[in-house]
Amino acid sequence: MLRKRDDFEDVLEDRRRSSDLKYAFKCYNPVLYKGLPPCKTTALKTMVLQSDQLRHVISQVSKETGEASVAIQEEASAILEEMAHRLQLSTVRFFAFTLTKAFKTLFRSICVNEEGIQRLQQAIHEHPVVLLPSHRSYMDFLLMSYLLYTYDLTLPVIAAGMDFMGMKFVGEMLRMSGAFFIRRSFGGDKLYWAVFSEYVKTMLR
């Protein structure tokens, strides 16, 4: 049982009493939006590249620059390849094990409002959900993913800066745990904006 602290539960209490490896390899059956499994990475990319909006922007950019539509399409595909996540449960389990070790060392407790978790569970089942951590530190998105895994909720896809992608091993591990990489600024790049917006919209459908 989790130990109560006022209206919160300490999720590290059980972790201190049981095997970290058993926790990492627990049966993971997340709550899904309308019971539908998340779109596979390859299918997601195909849907983005074949979207009417992206095709329209490719046509526009081709007319504005004089480049062939095929070349613009290849550029869009390269942008998406650089951007897209490749979520793999095996990598998530690795992080679950590693973060448990780290959190038990760093923190005395991690207290969670389980009533709020239940509301989130209901929301995920009925609607696409966007989570907005305060981002006061990089620990925010790690804790968020860790808690969602703990409570069998759908793991988030996380927007990360390109500087993380440049860290080879770390970047690929983050990509395989659900991170997708975006430039810090791309306001004037019509094609990049179209790929990004279609990628996010497709994930939220």
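Residues M162 and F141 share a hydrophobic cluster, clusters being chains of Ile/Leu/Val/Met/Phe/Trp/Tyr side chains in contact below 4.5 Å. Residues V11 and F25 fall into different hydrophobic clusters, defined by Ile, Leu, Val, Met, Phe, Trp and Tyr side chains chained together at heavy-atom separations under 4.5 Å. Both L142 and Y151 sit in one connected hydrophobic cluster of ILVMFWY residues. Membership requires side-chain heavy atoms under 4.5 Å apart, directly or through other members. Transitive grouping of hydrophobic side chains (ILVMFWY, heavy atoms separated by less than 4.5 Å) brings F181 and M167 into a common cluster. Cluster annotation: L148 and L132 are assigned to distinct hydrophobic clusters (Ile/Leu/Val/Met/Phe/Trp/Tyr, side-chain heavy-atom contacts under 4.5 Å, transitive).
At most 12 heavy atoms of other shown residues, nucleotides or ligands fall within 6.0 angstrom of atom NZ in K63. Atom CD of E126 has more than 12 neighbouring heavy atoms from other residues, nucleotides or ligands inside a 6.0 Å radius.
The shortest distance between side-chain heavy atoms of L44 and Y199 falls below 4.5 Å. Side-chain contact between N113 and E9 is absent, with no heavy atoms from C-beta onward closer than 4.5 Å. Two residues are said to be in side-chain contact when any heavy atoms from C-beta on lie closer than 4.5 Å; M144 and P156 meet this criterion. For the pair V157/F180, a side-chain contact is recorded, criterion being any heavy-atom separation below 4.5 Å from C-beta on. Side-chain atoms of K26 and D152, non-hydrogen and from C-beta on, do get closer than 4.5 Å to each other. Residues T202 and C39 have side chains not in contact (no heavy-atom distance under 4.5 Å, counting atoms from C-beta outward). Side chains of L120 and L153 form a contact here, defined as non-hydrogen atoms less than 4.5 Å apart.
Rounding to the nearest 0.5 angstrom, the gap separating the CG atom in L155 from the CG atom in L89 is 7.5 Å. Residue M165 holds its CE atom at 10.0 Å from CE of M83, rounded to the nearest 0.5 Å. Distance OG/S109 to CZ/R16: 8.0 Å, rounded to 0.5 Å. Interatomic distance, I58 CD1 to E67 CD, rounded to the nearest 0.5 Å: 11.5 Å. Once rounded to the nearest 0.5 Å, the distance linking CE of M173 with CZ of F164 reads 14.5 Å. Note that CG of L174 is 10.0 Å distant from OG1 of T91, once rounded to the nearest 0.5 Å.
Shown here are the side-chain contact (heavy atoms from CB on, under 4.5 Å) partners of L87, two or more places apart in sequence or in another chain: H85, V92. With sequence neighbours left out, the ring-ring contact (aromatic ring centres under 6.0 Å, His included) criterion links F196 to F186, W193.
The stretch residues 28-48 participates, sequence neighbours left out, in these ring-ring contact (aromatic ring centres under 6.0 Å, His included) pairs: Y28-Y149.
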Point to revise | Intermediate values then yes/no, side chain to side chain contact (heavy atoms under 4.5 Å, CB included), D163 and R184 | key: CA-CA 9 Å; D163 45 337; R184 295 292 183 183; 3.2 Å; yes
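Salt-bridge check for D10 with R108: failed, with every basic side-chain N at 4.0 Å or more from each acidic carboxylate O.
The two atoms that bring I124 and T154 nearest to each other are CG2-OG1, 3.9 Å, heavy atoms only.
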Could you list the donor-acceptor pairs under 3.5 angstrom formed by side chains in residues 47-56, with sequence neighbours left out?
unit_1	atom_1	unit_2	atom_2	d
S51	OG	V48	O	2.9
S51	OG	L54	N	3.3
S51	OG	E198	OE1	3.2

Would you list the atom pairs, donor with acceptor, under 3.5 Å between side chains in residues 95-107 and any protein atom, with sequence neighbours excluded?
unit_1	atom_1	unit_2	atom_2	d
T98	OG1	F94	O	2.9
T100	OG1	A96	O	2.7
T100	OG1	Y146	OH	2.8
K101	NZ	D20	OD2	3.0
K104	NZ	R15	O	3.2
K104	NZ	D20	OD1	2.9
K104	NZ	D20	OD2	3.0
T105	OG1	K101	O	3.1

Distance-only check: which donor-acceptor pairs under 3.5 Å involve side-chain atoms of residues 70-79, not counting sequence neighbours?
none

